[in-house]
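Here's the structure we're looking at; comments come further down.
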Amino acid sequence: YCDWHDDYVLQSAGQVVSYRFHQVKSRVLKDGPWSLNEFFGVARRGNRKKGPRKGTASAKTSIFEKQFDHIVKFGARCEAFVFVTNAGVAPDFEALVAAVASAPAHGDLKDDPALDFVELHAALAGKLPSLTPVVFFDYLRRLVVQDTIGGFKDSKNLTNCLRNCRALIDGRIYDMS
């Protein structure tokens, strides 16, 4: 899709400067939507019935870790973390983001989203010691998953695909200026 625009940032200039960090990731649609494990870089023994996520994060830097680095560097000035993808996210990923958006605090999460939150945090905390449950919940509250407008692998007209990509980015820059 538009990976050459990976990691773009929009700056809001109000009384306090804040940033919206965008991570653009495309994939072949046959690979399906992004899972929680792929996004957070956490291994899993299988589905929940077969066992919880393993206690450690992958050695490879995950999409989440790249975004978490912005929290370390910019703190409260991180307005949002936008994950832009052509493949969407798995239902449990969507459910976790939605549950966090409607819960006042991490202790108020219920059912599968609560289990996902606890398992993900436990797996990531060993690699990222400053990732407390409160910091993790706050990150998830500011996480926005955004679908893209198409991809090279799906488009017979590469020129239109690139034009649409430019229009999307130009529009976001205009909206923030």
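Predicted model only: the values in this text are computed from it and were never measured.
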_Pairs flagged by side-chain hydrogen bond (donor to acceptor under 3.5 Å, both in side chains) wherever residues 128-138 is involved - sequence neighbours left out_ = Asp138-Arg142
*asked:* Test of understanding: with ring-ring contact (aromatic ring centres under 6.0 Å, His included), list the residues that count as partners of Phe137, not counting sequence neighbours.
replied: none
*What pairs with Phe81 under ring-ring contact (aromatic ring centres under 6.0 Å, His included), at least two apart in sequence or on another chain?*
Tyr139
_Backbone of Thr85 reached by a side-chain donor or acceptor of Arg27 within 3.5 Å_ = no
*Decide whether Glu79 and Ser12 meet the rule of one side-chain donor and one side-chain acceptor closer than 3.5 Å.*
yes
*Is it true that a side-chain atom of Gln67 and a backbone atom of Phe64 form a donor plus acceptor pair closer than 3.5 Å?*
no
*Heavy atoms only: give me the nearest Pro113-Ala95 pair and the separation to one decimal.*
CG-O, 4.0 Å
_Please tell me whether Tyr8 and Phe21 form a close aromatic pair, meaning their ring centres lie under 6.0 Å apart._
no
_According to side-chain contact (heavy atoms from CB on, under 4.5 Å), who are the partners of Val97, at least two apart in sequence or on a separate chain?_
Phe93, Leu143
*Mind listing the closest non-hydrogen atom pair of Asp147 and Gly88 along with its distance?*
OD1-CA, 3.9 Å
*asked:* Show the nearest heavy-atom pair for residues Ala125 and Leu131, with the distance to one decimal.
replied: CB-O, 4.3 Å
*Expected output: side-chain Glu38 to main-chain Ser35 donor-acceptor under 3.5 Å*: yes
*Can you name the closest pair of heavy atoms from Val16 and Arg77 and give their distance?*
CG1-CG, 4.5 Å
*Mind checking what makes side chain to side chain donor-acceptor pair (under 3.5 Å) contact with Lys73, not counting sequence neighbours?*
Asp69
*Taking the inter-plane angle between the rings of Phe40 and Phe136 on a 0 to 90° scale, is it parallel (under 30°), tilted (30 to 60°) or perpendicular (over 60°)?*
perpendicular
*Keeping the roles fixed (side chain from Asp92, backbone from Asp112), state whether a donor-acceptor pair exists under 3.5 Å.*
no
*In chain order, what residues pass the ring-ring contact (aromatic ring centres under 6.0 Å, His included) check against His106, with sequence neighbours excluded?*
Phe117
